[in-house]
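Counting starts at 1 for both ligands and their atoms, following the listed order.
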Amino acid sequence: MQEVVSPTISDCFAEWVSQPEILARFFNTLSYLEHLGSRKILSCNISFTEEHLRHATEETRHALRFKRMVRVLVKDTFEDYTLPSLLGGHAAYFYFQKLDATVRQYLKNRDEKDAMLNYLLVTYIVEMRAAQLYPEVQRLLEEHNIPVSVKGIINEEDRHLTEIGEGLAARGISLPEIDPLIKDEEMYYDRFLASVMKEARDIKDTI
Ligand SMILES: [Fe+2]
Ligand SMILES: [Fe+2]
């Protein structure tokens, strides 16, 4: 049987670059993910320090920056996060829900009730994803001469990853220990991206 090779984000950009309304929906979907990340931090039952407030604020700012990139590509549309404004429907929402449930179960199995550890694990895994995805997005933006940049976001995500990694280390959590969680996230992300790509192709067929 012939192996099915999933399209990469690079393949997608090559298809989307000639259709700004699809690329705009992709940026709006990234904006929605950032917004969900910010809401997730703010909903944590932790004692907020300056670092936590800054982190949540920066995730909201990332959501705003992606929203402004939407404005560069298409005017006066995709104002909000309603389904027609996104790619993949609610896949971004389910990505976060699944990740959250997986981390909760992991902590339950360890009989661990530390809300701070929940915050550190979920955010660390999400920052790992951002550290892979956003540099690739930046490379593709440059390759296709798309007049927006995610460099500022990448710098802030790098700092978040370092800070959260230090927080985990301070609690004696080693990275190999959370490898199963990272593997689960890869599966959720692949499903998210497959939904994004499928919807982009469906929309492309109707334009
Ligand atoms: Fe972010
Ligand atoms: Fe971040």
inquiry  = From the N, O or S atoms in E34, identify the one nearest to the Fe ion (ligand 1).
reply    = OE1
message = A cation-pi test, strictly: NZ or CZ of R191 under 6.0 Å from the centre of the six-membered ring of Y95 and no more than 45 degrees from its axis. Yes or no?
response = no
request  = Dump the intermediate steps for salt bridge (Lys or Arg N to Asp or Glu O under 4.0 Å) on R71 and D76, then the final yes or no.
outcome  = CA-CA 7 Å; R71 297 280 155 273; D76 305 324; over 6 Å; no
request  = Work out the angle at the Fe ion (ligand 2) between ND1 of H160 and OE1 of E157, rounded to 10°.
outcome  = 90°
message = So that I can check it, does any N, O or S atom in E58 come closer than 2.8 Å to the Fe ion (ligand 2)?
response = no
message = For a distance under 2.8 Å, tell me if E59 has an N/O/S atom near the Fe ion (ligand 1).
response = yes
ask   = Taking NZ, NE, NH1 and NH2 as the nitrogens, is one of them in E59 or K40 under 4.0 Å from a carboxylate oxygen of the other?
value = no
ask   = How is the N/O/S atom of H62 that comes nearest to the Fe ion (ligand 1) named?
value = ND1
ask   = For Y106, does the OH atom have more than 12 heavy-atom neighbours from other residues, nucleotides or ligands under 6.0 Å away?
value = yes
message = What is the name of the N/O/S atom of E127 that is nearest to the Fe ion (ligand 2)?
response = OE2
query = Are E34 and R61 close enough for a salt bridge, meaning some N to O gap below 4.0 Å?
reply = no
